[in-house]
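A short write-up of the structure that comes next.
This is a predicted model, so every value here is computed, not measured.
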Amino acid sequence: MAMPCLLYCVTEVNPVVTVTAGVCDSAVESREMLGVRVYWSNVEDVDACFGQPETLKQAALQFHQVLREVLAITTPIPFRFPTLLENSDALEQHLGAEKKLYREALERVNGAVQYEIVATWADEQQADLATPMSGRDYLKRRQEATGRVAAVESKLKSVTGESVREWRGRQERKTHRWYALVSRDCRERFLASLRTAGGSEGVRLRLSGPWPPSEFVAARGSR
Amino acid sequence: MPTEASSQALTIEGENETSLLDILDHVLNSGVVIHGSLVISLAGVDLVYLGLNVILTSVETALRNMNAHEFATASQVRRSV
């Protein structure tokens with residue numbers, strides 16, 4: 001009987017990564033389909049695996065572990081957890097329809113990983129966004145926020161130089177996130193450049209990674 | 001080599017530290033989303049999405065207010081409600 005399959009990621013056809021275990025201790029399958037390699041697990045009991053917050057959290061961590069093992073060897077384009085298809089036929093049907101998207105994305109992120117830098121500003125964290133303010137004050141605050149994001153971004157780009165293949169950013173309510181696409185052979189240079197970056201002026205920057213380059217899957221400006 | 005910009009104002013925290021919240025945030029909020037009718041339509045799918053909503057709410061709350069340890073406690077509380 002065909003079982004539902006949980007998708008992990010798509011990679012180039014080679015190299016093939018052997019993953020120790022998938023979610024709910026399932027086997028991780030991989031197969032070449034339509035010019036890419038896809039990794040998935042057949043899930044015997046969907047409810048048991050994802051039906052409760054604690055089992056879902058555990059499955060999410062196992063999902064992350066699979067991606068880590070793949071990322072250690074090659075660059076994956078991850079699926080959002082949990083993406084379940086009815087069976088592997090549905091998977092092939094999906095890949096057939098989206099072949100161009102995956103090919104282009106794999107070429108864009110080939111040989112790279114993603115790092116993430118989150119900026120928080122001390123005064124922004126304490127700001128009371130619920131209290132009404134005048135239009136003038138609002139615009140002034142927006143202008144200041146835009147200016148300091150631009151200043152940090154400029155410094156990040158200057159410090160890291162050509163070790164970053166591409167930058168993307170996203171403004172959130174009280175923070176700003178930058179995503180750096182870094183070639184594997186530039187990782188040490190990228191990290192070293194950040195280590196030498198110097199002191200802070202009211203901004204806290206937090207680095208995490210390497211992650212699969214999910215922020216770079218879509219072409220710039222396409223979303 | 002430090003540049004002019006680097007001498008001004010950057011300290012990076014958290015290198016090599018990936019928290020539980022970072023991981024959950026990434027797996028639940030990033031990656032390719034498949035739209036359309038291919039997504040499984042078994043009876044159990046409501047449970048999947050119910051569960052997902054529960055944990056998403058926990059993550060959002062946790063990201064605002066809690067550290068990873070408190071998040072784990074919050075998940076247990078939610079489950080028992």
Does any heavy atom of chain B fall under 4.5 Å from the side chain of [X], the backbone, both, or neither of them?
X      : result
A:L7   : side chain
A:Q114 : side chain
A:Y115 : neither
A:E98  : neither

Near-ring test A:H64/A:Y8, centroid separation under 6.0 angstrom: no
A:R80, CZ: over 12 other non-hydrogen atoms inside 6.0 angstrom: yes
Intermediate values then yes/no, ring pair (Phe, Tyr, Trp, His ring centres under 6.0 Å), A:F216 and A:Y179: CA-CA 9 Å; A:F216 298 88; A:Y179 304 96; 7.0 Å; no
Validation row: A:V38, A:Y102 side chains within 4.5 angstrom (heavy atoms): no
